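Inspection log for the structure reproduced underneath, given as structure tokens.
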Number of protein chains: 2
Amino acid sequence: MTAQLDEEKTLSDKASARLTQAIITGELVQGQKLSEADLATRFGISRGPLREAIRQLEGLGLVTRVPHAGARVVTLNDDTMRNLYQVREALEGFACRMAAQHMTDDEIKKLRTLLNEHEMQIDASAGQAYYQSEGDLDFHFQIALGSRNQMLIDLLAGELYQLLRMCRYRTSNLANRTRLALQQHHQILDAIANRDADLAEMLMRRHISGAWKSISQMMETS
Amino acid sequence: MTAQLDEEKTLSDKASARLTQAIITGELVQGQKLSEADLATRFGISRGPLREAIRQLEGLGLVTRVPHAGARVVTLNDDTMRNLYQVREALEGFACRMAAQHMTDDEIKKLRTLLNEHEMQIDASAGQAYYQSEGDLDFHFQIALGSRNQMLIDLLAGELYQLLRMCRYRTSNLANRTRLALQQHHQILDAIANRDADLAEMLMRRHISGAWKSISQMMETS
DNA sequence: TTGCTCCAAATTGTTGACAATCAATCCAAG
DNA sequence: CTTGGATTGATTGTCAACAATTTGGAGCAA
């Protein structure tokens with residue numbers, strides 16, 4: 001989505017982006033301690049900017065820091081993942097309600113086109129998890145944009161988005177729900193097109209809580 | 001609530017707390033530029049810890065920073081305030097739903113007692129805005145705790161809470177709704193006590209959206 | 001007067017050295 | 001053998017100097 005390459009402005013920002021990437025992809029394991037000296041040398045920068053980057057990631061909830069004892073990558077246990085999906089249920093449900101009120105007909109049409117493209121990609125790649133995930137995130141991001149609420153957009157596309165990608169990486173493609181998800185996306189978009197805010201919110205909530213049920217089932221059986 | 005005095009651990013944390021306080025109380029005006037040198041000397045610390053504090057506040061959404069041009073206090077215009085109240089409507093409504101499912105009977109009883117105390121304080125202080133605000137925040141905080149969702153608690157008691165206090169400070173006691181608010185609090189608690197999650201969520205949503213309507217009306221007439 | 005160029009001052013970004021704190025180890029006393 | 005405490009090592013926190021970038025204005029030409 002926003003794939004800003006290596007040309008950020010400051011070293012702190014570069015380090016922040018690199019750390020985020022490393023945490024999401026699992027290059028830095030959950031709960032791992034972040035050694036300032038180690039990371040600074042690995043990134044080829046001084047400890048100053050690195051510390052600022054860590055402070056920023058702390059504000060974003062990706063690391064936890066205890067004074068004089070260092071920072072650790074946040075650990076996503078079952079509880080925090082359940083919490084995350086619940087918060088998403090609340091926020092994305094509400095975003096969906098707002099989107100039903102504010103999205104233009106043109107935006108809705110384009111989003112429908114996007115869903116159809118996703119469908120074709122799924123047919124072509126026969127269930128490769130990558131397209132599934134990216135397509136799913138795309139749809140949810142467009143809904144967030146449709147809410148016309150910048151704070152909501154920042155929350156969903158920022159902190160929660162990063163954590164969600166960590167979850168996705170951890171649970172990999174445990175549950176292959178791409179067909180069902182796509183169908184539900186269409187239903188949600190139908191509700192939005194009909195300007196039925198109540199229904200749109202309810203469907204999005206079910207979509208997300210259903211995803212969580214599926215994931216938690218898969219996890220406890222494995 | 002959490003009135004941690006001057007004994008934080010590190011200078012960065014102290015500076016962070018002091019900056020937050022200064023921003024909320026309006027000592028630092030909205031949109032004002034944060035000069036590192038100036039603040040560092042005022043706080044009696046070096047620029048290093050101060051920069052870390054600013055980075056942290058950036059992550060919390062209290063300041064906006066543009067590379068090589070400095071950080072500014074976030075500005076709360078009507079749009080962002082509306083956005084804030086909408087996000088609260090979504091999150092606190094959901095928290096209320098969870099609270100109806102998870103709060104113990106004992107917690108509910110204590111919360112009822114708290115509301116009664118608030119009522120007496122209001123009678124005694126005859127509408128002093130301070131008690132109104134603090135009491136209101138107390139109730140909402142307890143509801144958040146009742147959700148048993150730590151992420152929700154962190155959001156509501158952290159970033160959103162600070163922004164809300166900024167709003168309260170800015171709009172002062174424009175709308176004296178303490179009586180009405182207290183009555184609605186009782187109704188919400190009734191719904192929770194009856195374990196009626198749907199009603200509890202709906203009432204909390206109306207409570208918050210009503211508060212926003214009242215505030216925005218007051219603002220456009222002034 | 002207007003607009004441009006270029007310079008300089010002020011501010012932010014970065015660094016390496018120094019101080020403070022915590023954790024583990026080792027030694028000695030009971 | 002255990003326990004208590006001091007010591008040492010590593011890691012985090014802090015500082016002041018240095019480098020890089022932006023911004024504002026002085027100077028000059030059209």
Side-chain angles (χ1 to χ4, degrees), chain A residues 2 4-23 27-75, chain B residues 2 4-23 27-75:
Chain A
T2 56
Q4 43 221 9
L5 306 183
D6 41 14
E7 271 324 315
E8 306 271 340
K9 300 291 178 182
T10 78
L11 292 186
S12 291
D13 292 334
K14 286 192 214 172
S16 180
R18 243 183 110 171
L19 272 180
T20 303
Q21 187 70 13
I23 289 176
E27 179 184 337
L28 291 174
V29 184
Q30 296 187 11
Q32 179 176 346
K33 182 156 179 294
L34 297 181
S35 163
E36 295 181 1
D38 178 32
L39 287 174
T41 54
R42 275 174 55 186
F43 290 176
I45 63 178
S46 174
R47 275 180 54 221
L50 189 87
R51 283 174 61 87
E52 292 184 15
I54 289 181
R55 268 307 218 294
Q56 194 163 350
L57 263 61
E58 182 193 7
L60 288 179
L62 286 182
V63 306
T64 57
R65 207 180 50 83
V66 29
H68 298 103
R72 311 191 87 92
V73 179
V74 71
T75 58
Chain B
T2 56
Q4 43 219 8
L5 307 182
D6 40 15
E7 271 323 316
E8 305 271 341
K9 300 292 179 181
T10 78
L11 292 185
S12 290
D13 293 333
K14 285 192 215 173
S16 179
R18 239 181 115 172
L19 272 180
T20 303
Q21 187 70 13
I23 289 176
E27 179 184 338
L28 290 174
V29 185
Q30 296 186 13
Q32 179 176 347
K33 182 156 179 293
L34 297 180
S35 162
E36 296 181 1
D38 178 32
L39 287 174
T41 54
R42 276 174 56 186
F43 290 176
I45 63 178
S46 174
R47 277 180 52 221
L50 188 87
R51 282 175 62 86
E52 292 184 15
I54 290 181
R55 268 309 218 292
Q56 195 164 346
L57 263 61
E58 181 193 9
L60 289 179
L62 285 182
V63 307
T64 57
R65 208 181 49 84
V66 30
H68 296 103
R72 313 190 87 91
V73 180
V74 71
T75 58

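Note: hydrogens, waters and symmetry copies are ignored here, and every other heavy atom, side chains too, is used. All values derive from a computational prediction rather than experimental measurement. Per chain, numbering begins at 1; letters A, B, ... match sequence-line order.
Remark: B/S12 pairs with B/E52 by the side-chain hydrogen bond (donor to acceptor under 3.5 Å, both in side chains) rule, at least two apart or across chains. For the side chain to side chain contact (heavy atoms under 4.5 Å, CB included) test, residues two or more places apart in sequence or in another chain that qualify with A/I45 are A/L11, A/A15, A/F43, A/P49, A/L50. With sequence neighbours excluded, no residue forms a side-chain hydrogen bond (donor to acceptor under 3.5 Å, both in side chains) with A/Q32. Looking at residues two or more places apart in sequence or on another chain, you find a side chain to side chain contact (heavy atoms under 4.5 Å, CB included) between B/S35 and B/A37, B/D38. Here B/Q30 pairs with B/T75, B/L76, B/M166, B/R170 under the side chain to side chain contact (heavy atoms under 4.5 Å, CB included) rule; sequence neighbours left out.
Think of the region where chain B sits on DNA chain C: with heavy atoms and a 4.0 Å cut, that region ends 5' and 3' at C/dT11 to C/dT14.
Here CD of A/E36 is found 4.5 Å from CZ of A/R51. Values are rounded to the nearest 0.5 Å.
The only option from A/V29, A/L19, A/L34 that meets the side-chain contact (heavy atoms from CB on, under 4.5 Å) definition with A/V73 turns out to be A/L34.
Nearest heavy atom pair, residue A/A53 against residue A/S16, reads CB-N, 3.7 Å. Closest of all the heavy-atom pairs between A/K33 and A/A69 is CE-O, 3.4 Å.
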Heavy atoms under 4.0 Å is the rule here; annotate nucleotides 10-15 of chain D 5' to 3' with B where the base is hit, S where only the sugar-phosphate is, and - elsewhere.
-SBBBB
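Looking at DNA chain D, the stems built from 3 or more consecutive Watson-Crick or G-U wobble pairs, each pair with its key distances under 3.5 Å, are C:1-30 with D:1-30.
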Anything under 3.5 Å between a donor and an acceptor, one on a side chain of residues 56-64 of chain B, the other on a protein residue two or more places apart or in another chain? List them.
{"residue": "B/Q56", "atom": "OE1", "partner": "A/R55", "partner atom": "NE", "Å": "2.7"}
{"residue": "B/E58", "atom": "OE1", "partner": "B/R65", "partner atom": "NE", "Å": "3.2"}

